[in-house]
Chemist: 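One structure coming up, written as structure tokens, with questions to follow.
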Amino acid sequence: MIIKTEGSDPVIYQTEANCYGYRCVAESPYIRALHEVVDNDTDRCMVFEYLDTDLWSLRARAQELGQPFLKAAARSILEAVKAFSDMDGHFTALHTGM
């Protein structure tokens, strides 16, 4: 499990927590799943699923298998961005350029 605490910026924490209230984000296979939110008036944190690898490790594994890693990674990232853009008109201003 990965635990994300409120830390020093409660606004960013609350914005992220709110995003997981949308079904399009919560059910997306391209976004880390949120298991639980703890808020006991003293502590606030979100508990996410644990992923046993990262993109850099997957790159090497894909090269060994001869699979087109960059295309698959780009598609997954775009699918995740699409999920965030589907949040009932909230937070739809996404800048995907450089």
Side-chain angles (χ1 to χ4, degrees):
M1 283 186 237
I2 302 295
I3 298 175
K4 185 176 277 190
T5 62
E6 184 177 38
S8 62
D9 198 334
V11 174
I12 290 175
Y13 173 88
Q14 190 59 51
T15 300
E16 184 174 358
N18 291 344
C19 287
Y20 278 91
Y22 293 93
R23 185 175 40 209
C24 58
V25 174
E27 294 178 356
S28 175
Y30 302 99
I31 299 172
R32 184 185 302 258
L34 177 65
H35 285 294
E36 184 178 3
V37 175
V38 176
D39 187 351
N40 61 12
D41 295 330
T42 306
D43 301 309
R44 291 176 51 171
C45 68
M46 294 180 282
V47 181
F48 294 93
E49 73 177 315
Y50 175 74
L51 301 176
D52 64 347
T53 191
D54 56 31
L55 284 176
W56 191 254
S57 301
L58 287 176
R59 181 194 59 83
R61 194 175 328 163
Q63 286 177 341
E64 291 171 4
L65 298 173
Q67 296 176 351
F69 171 75
L70 187 56
K71 184 177 179 180
R75 181 179 202 91
S76 295
I77 292 167
L78 290 173
E79 289 291 340
V81 168
K82 183 180 179 300
F84 283 110
S85 70
D86 288 342
M87 296 187 323
D88 299 331
H90 296 90
F91 311 109
T92 58
L94 297 171
H95 177 70
T96 56
M98 305 269 299

Chemist: So, taking the atom named CZ in F48 and the one named NE2 in H35, what distance separates them when rounded to the nearest 0.5 Å?
Modeler: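 Here the rounded value is 10.0 Å.
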Chemist: Are Y20 and V38 co-members of a hydrophobic cluster defined by side-chain heavy atoms under 4.5 Å apart?
Modeler: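 V38 does not cluster with Y20.
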Chemist: May I have the list of side-chain donor-acceptor pairs in residues 24-34 shorter than 3.5 Å, sequence neighbours left out?
Modeler:
from: S28; atom 1: OG; to: Y30; atom 2: N; distance (Å): 3.1
from: R32; atom 1: NH1; to: E49; atom 2: O; distance (Å): 3.0

Chemist: Check step by step if side chain to side chain contact (heavy atoms under 4.5 Å, CB included) holds for E36 and M46.
Modeler: CA-CA 6 Å; E36 184 178 3; M46 294 180 282; over 6 Å; no
Chemist: Counting N and O atoms only, with roles assigned by atom type, does the side chain of Y13 sit under 3.5 Å from a partner on the main chain of C45, one being a donor and the other an acceptor?
Modeler: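 Between the backbone of C45 and the side chain of Y13 there is a qualifying donor-acceptor contact (under 3.5 Å).
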Chemist: About how many Å separate CD1 of I12 and CD of E6, when rounded to the nearest 0.5 Å?
Modeler: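 So the gap between those two atoms works out to 11.5 Å.
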Chemist: Is V11 reachable from V37 through a run of I, L, V, M, F, W or Y residues, each pair having side-chain heavy atoms under 4.5 Å apart?
Modeler: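 They do not share one cluster, since no chain of ILVMFWY contacts under 4.5 Å joins V37 to V11.
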